[in-house]
Every structure is written in C-alpha cells, then in structure tokens.
Amino acid sequence: MPSWSLPDLTGRTYLITGSNAGLGYFSAEHLVRAGGRVLMTGRNPNRLAAARAALRRRLPDADPDLAETLLLDTSNFGSVRAAAASVRGRGRLDGVLLNAGIVHPPSKRETTPDGQELVFATNVLGHFALAGELLVPLAAGLGRMVWLGSMSTSLWKYDPADPQLVDGYTPWRAYVQSKVATTALGLEADRRLRAAKVPVSSVIAHPGYSTSGRTPGIIGVNEPSRLSRFADNLQAVITQSKEMGALPLVQALAGEGVESGSFWGPKHTTHGPPRLAKPARITRDPEMAARLWDAAEEATGVRWPPQRSSSRR
Ligand SMILES: NC(=O)c1ccc[n+]([C@@H]2O[C@H](COP(=O)([O-])OP(=O)(O)OC[C@H]3O[C@@H](n4cnc5c(N)ncnc54)[C@H](OP(=O)(O)O)[C@@H]3O)[C@@H](O)[C@H]2O)c1
C-alpha cells in the first residue's frame, strides 16, 4: 500500500452498491479499517453474507458491527426503492458509492422486468434512482455521492444518444456508454445540486485497470482461476489489484480535500495511489448530460433534486 490514508471515519456511515466482490468489497474494507460504518449492499444474500464474513475475518480488530448488509439489486427499481426507504429510516448518511456494475455484458441485448436495457439499468439508472432517493439522509450528513467512471470513456467515444441501444447493441458499446453516462450524470448532478443549494457533493472516480488475478484470493469474494491469475500477471505493468483500485473510490467518498464535481483516478492512470484527474471530453458535454438526465428521470420516475419554488411566500 502507498503512503496514502483515509482520515479517522469513526461515527460516519457509508453505503456501497455491489460490495460483495471486487472494488466494492475492498472499498468496504478500507472504510471499516478507518473506523467507518458500512452498509454493504448486493443482490444476492449468500454472496453478501460471505463477503461480510470475509471482512470480519480479515479485519479481526475492527468492531464487527461496523459492517452490515442490505439487499439491493440496482437493475430493479423496486429493490432500489425498498433499500433506499430502509436506509432513510436509519438517519444520516455520509456517502454512497455507486459502484455495482456489469463489467462483462451479455453478448445479446437483454432487458430488465422494468423494460430497460440491462447494462444501462444496472450501471446507470438504478444508481440515478438510488442517489435521488437518498438525497435527504445524504444532505443530513453533508454527504457525497460517488459515481464510477472508467478509462474506457477516453478510448472509445460512444455518445449515449440511444441509451437503450435498441439498434447497434454490442457488449463493449453497452459497457462504455454506461460509463460515459455515469460520469456525465455525476458532473450534471454536481451542477444541479449546487443550483438547488442541496448540501450534497457529487464526485466521480475511476479505478484504473484493476483485475481479479492481481488481487488477494478471498473465499466467497475473489477466487480467480489459475488461468486468469496467469493472464492478469502478464499485464502486471499496467494493472493493479482491486484492493489498490478501490483507493481513488474511497478517497472520493471519504477522503480529505475533495470538491463536488471533481474526478479522481490512480496517479499513473491505470494504477497507483489516488490523485485528481480529468474526465474524458465526451463526458463533459452539458447538453448530452441534460439529455441523459431527462431520460433517467423518465425511465426511473425519480426526479431530483427538488426544485426551489421562486413563488414561495
Ligand atoms: N475493474 C476495473 O478495472 C474497472 C475499471 C473501470 C471501472 N470499473 C467499475 O468499477 C465497478 C466495479 O467493478 P469491479 O471490477 O469490482 O467488478 P466485479 O468484480 O465484477 O464486481 C461487480 C460488483 O457489482 C455487483 N453487481 C452486478 N450487477 C448487480 C446488480 N444488478 N445489483 C447489485 N449489484 C450488482 C456484483 O455482484 P454479483 O456478485 O452479485 O454479480 C459485484 O459485487 C463497476 O462499476 C465497473 O464499471 C472497474
């Protein structure tokens, strides 16, 4: 680990989507190690329980109550609403890490029971709805929402003009456009939250190139095959573990000196400790972001932030 650390997070509470594996799991470890309380969320109760057990095993000195679990499937708006209602009932929230994602999309276009393209629903729409549904507890904690971007948005310039990918679906296109969308929405959320004077920050982070094969083996959390360990180690110069890749994410979520609207990534682009970075040009287009915002509100039925009424007496 580099000479980088989180502040003492005692008394703070964070929610992470997709925290039973990968970057989400290691983000939970980093936060608990710093004394924070973490709501580890995921779509499968057994995988969540295994992850919480692993975290407790690996951090034997931490208070075991700092890691809790909650079911939350980001591809299912009903599940998002139910989880958000339960979180609102608990009081203030210091941050939400919008991490869950389909990283290897299906070869053919699939839709959710809500009728949305699966990758867009899972990576983008569920998180848009969750962030909106959690504004009240986040505002109470002067908290942050952190969106997950990706280097892939600089390599491929898929404009989400047709976010549902009714025509021209490919797995890679679905993935890259979802990451263009999360980054653009994260920047747009910053603009809208500021304009509405809601005391919540919107920040974006990307983990560089973080692979399972370079990550410690943990039963029930990270069990790569020998072949993927071999293949991932061949790329060792440009890759890092997910434990390292989680650092820019938790820096954006709970680190010091983080401004709303900022974008964090690894120092050496694909790997290294956290530093401020610059989002890809395509993600900085405010017209495209506004179009996406409208589409996300329409698809989810969640409209945020609340408009300030100018005619209030
Ligand atoms: N790894 C990288 O180099 C990299 C680079 C750029 C961006 N990212 C982003 O980082 C995030 C995490 O990636 P990762 O590498 O950690 O991937 P990962 O190891 O495949 O983990 C993905 C996590 O998301 C969860 N998930 C998937 N669909 C879900 C759903 N419908 N509801 C709730 N949780 C769901 C998975 O849960 P299950 O176990 O239930 O499937 C798992 O916990 C993604 O947003 C990805 O786009 C990663």
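Indexing begins at 1, ligand by ligand and atom by atom, following the structure's order. Residue indices begin at 1 and follow the sequence shown. The analysis underlying the following values was restricted to heavy atoms, covering all of them including side chains, and did not include hydrogens, waters or symmetry mates. Note that the structure is a prediction, hence the values are computed from the model and not measured.
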Test item: N233 side-chain N/O and A236 main-chain N/O as donor-acceptor pair under 3.5 Å: no
Residues which pass ring pair (Phe, Tyr, Trp, His ring centres under 6.0 Å) with H206, listed by chain and number, not counting sequence neighbours: F263
Residues E29 and K242 bridged, charged N to O under 4.0 Å: no
R88 and E133 ion-paired at < 4.0 Å: yes
Criterion side-chain contact (heavy atoms from CB on, under 4.5 Å) on L31 and L6, from CA distance to verdict: CA-CA 8 Å; L31 295 171; L6 283 170; 4.1 Å; yes
Ligand 1: protein residues within heavy-atom distance under 4.0 Å: G18, N20, A21, G22, L23, R43, R47, L72, D73, T74, S75, N99, A100, G101, V103, T122, L148, G149, S150, Y175, K179, P207, G208, Y209, S210, K242
Centroid separation W304 to F128 less than 6.0 Å: yes
